[in-house]
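In what follows, a single structure is set out as structure tokens and then discussed.
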Amino acid sequence: MSNSTWSQQILQLLRRMNNFYLPGSRRSECLRFEVNGAQVGWVPPHVASVLTRYPKVFCPPRRGALSLCPSWDSNETRSAAVDSVLRTERQGGSLTCLKGWRDEKYSVMPKFFDPPLMWMERAATSLFGVKRYGVHVNGYTIGNSGEVSMWLARRSLTKQTYPGLLDNVAAGGIAAGVSIKNTLVKECQEEACIPATLAEKACPVANVSSGNAQLSTEMKSSQRRVTPTWTRRGCSQKVSLSSIWNFLWTSSLEQVKELLATDDFKPNCAMVVLDFLIRHSFIDPDTEPCYQEFVAGLHQTL
């Protein structure tokens with residue numbers, strides 16, 4: 001792949017992952033999702049039309065915003081009220097992403113260190129466009145002659161999302177009430193059999209963010225079904241392990257760089273690896289004409 005083709009493929013990746021904020025997006029059609037007067041997300045019109053069937057939980061849209069009724073005045077009562085609506089809709093099937101119900105709670109708040117205003121089932125967060133936070137681990141080794149290789153994982157073919165694609169050595173969403181470090185240790189153990197004593201040595205190094213509205217496709221037999229557009233916004237707290245056990249397979253950074261520009265990489269994980277290549281100067285601002293666009297695309301203000 002030529003350098004110019006590679007650069008354009010990476011730009012397309014970043015634009016796709018940040019398309020909610022690009023000119024021509026459907027953001028203007030979405031309603032702000034507000035809890036206790038604070039905006040915590042964006043609700044697409046087709047989702048708002050479903051939620052307004054529950055007037056005891058959601059107020060009628062007003063001034064471009066959909067909000068919870070003020071009678072729900074605590075984390076516990078808000079969470080229970082919304083959870084009841086989501087469980088009802090899960091049975092009805094009108095909101096297809098609820099088929100991926102995880103029984104995992106995510107905190108809902110304007111900023112990461114703000115006190116949570118409520119919690120929400122993970123599978124429903126994209127319906128409300130709330131920020132989701134996760135931890136991604138870059139595992140790499142440095143050879144005797146200084147060459148760097150990266151550990152990669154391949155997702156199971158039975159995964160609900162992005163089956164069979166390349167992934168970071170370990171990654172996972174930060175559940176409600178769980179710290180970044182504890183999430184890191186848990187995901188390393190579950191996904192790569194990395195012992196806690198080694199995982200705890202990982203160092204926080206960067207933050208990557210993206211905001212996109214996307215179509216989910218599900219394969220069933222020979223037919224493809226496309227679900228409605230929803231909004232996803234997320235921040236990834238990134239850490240690096242300089243060496244790990246021989247659990248997965250490694251690739252040279254040149255191979256990894258080429259893979260980033262293909263459809264074989266989970267998109268948000270590709271962003272995490274791209275950030276690694278930039279921070280370690282494997283992408284040079286003197287030779288990469290799109291360097292500034294890469295950096296801006298990795299650090300979108302949500």
Side-chain angles (χ1 to χ4, degrees), residues 16-102 104-111 114 116-133 161 173 176 210-218 225-235 300-302:
R16 185 168 74 250
M17 293 302 292
N18 289 301
N19 62 17
F20 188 64
Y21 296 99
L22 293 178
S25 78
R26 300 184 64 183
R27 184 169 64 157
S28 61
E29 301 176 20
C30 295
L31 297 172
R32 301 186 308 279
F33 178 46
E34 297 182 352
V35 177
N36 197 33
Q39 182 181 358
V40 294
W42 294 91
V43 180
H46 74 279
V47 176
S49 66
V50 173
L51 299 180
T52 52
R53 299 173 192 165
Y54 302 88
K56 293 184 178 180
V57 179
F58 298 95
C59 296
R62 184 170 180 264
R63 296 179 181 176
L66 178 72
S67 60
L68 290 181
C69 294
S71 56
W72 311 111
D73 58 1
S74 70
N75 185 325
E76 292 74 17
T77 59
R78 294 173 191 132
S79 302
V82 172
D83 192 62
S84 177
V85 170
L86 295 174
R87 290 181 182 275
T88 299
E89 288 301 319
R90 180 190 180 193
Q91 296 299 320
S94 61
L95 300 174
T96 54
C97 70
L98 296 182
K99 294 179 180 179
W101 195 277
R102 303 285 191 95
E104 184 177 355
K105 302 173 183 178
Y106 274 15
S107 296
V108 177
M109 60 275 195
K111 297 178 182 178
D114 288 342
L117 296 172
M118 60 176 292
W119 58 259
M120 183 180 293
E121 157 61 31
R122 174 178 177 173
T125 53
S126 56
L127 297 172
F128 293 82
V130 301
K131 293 178 183 177
R132 308 195 305 186
Y133 298 89
T161 56
S210 64
N212 67 310
Q214 62 182 2
L215 291 176
S216 171
T217 59
E218 301 173 342
R225 296 182 296 155
V226 181
T227 63
T229 303
W230 68 83
T231 304
R232 297 165 58 93
R233 302 189 300 157
C235 295
Q300 174 70 54
T301 299
L302 303 181

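One-based numbering along the sequence shown.
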Determine yes or no for a side-chain-to-main-chain donor-acceptor pair under 3.5 angstrom, with Ser84 supplying the side chain and Ala81 the backbone.
no
Counting C-beta onward and ignoring hydrogens, is there a side-chain heavy-atom pair between Pro116 and Ser79 closer than 4.5 Å?
no
Side-chain contact test, heavy atoms from C-beta onward, threshold under 4.5 Å: evaluate it for Trp119 versus Val108 and give yes or no.
no
Are Glu89 and Ser94 side-chain neighbours, meaning at least one heavy-atom pair lies under 4.5 Å?
yes
Any chance you could measure Tyr54, atom OH, to Thr52, atom OG1, to the nearest 0.5 Å?
10.0 Å
So CG of Asn19 and CZ of Arg27: to nearest 0.5 Å the spacing works out to 11.5 Å
State, with a plain yes or no, whether a side-chain heavy atom of Val35 is found less than 4.5 Å away from one of Met118.
yes
Can you tell me if Glu121 uses its side chain to pair, donor with acceptor, with the backbone of Glu104 under 3.5 Å?
yes
Would you say Arg78's side chain and Leu117's backbone share a donor-acceptor pair under 3.5 angstrom?
yes
For the pair Ser25 (side chain) and Tyr21 (backbone), establish whether a donor and an acceptor sit closer than 3.5 Å, ignoring hydrogens and angles.
no
Donor-acceptor contact present, side-chain Arg32 to main-chain Arg63, <3.5 Å:
yes
With distance as the sole test, does Trp72 use its side chain to make a donor-acceptor pair with the main-chain N or O of Asn36 at under 3.5 Å?
no
If the plane angle is over 60° it's perpendicular, under 30° parallel, otherwise tilted; pick one for Phe20 and Trp42.
perpendicular
Sidechain-backbone polar pair: Ser210 side chain, Asn18 backbone, donor-acceptor under 3.5 Å
no
Gap between atom OG1 of Thr96 and atom CZ of Arg90 - 0.5 Å precision
13.5 Å
By side-chain contact (heavy atoms from CB on, under 4.5 Å) - contacts of Asp114 (at least two apart)
Met109, Pro110, Lys111
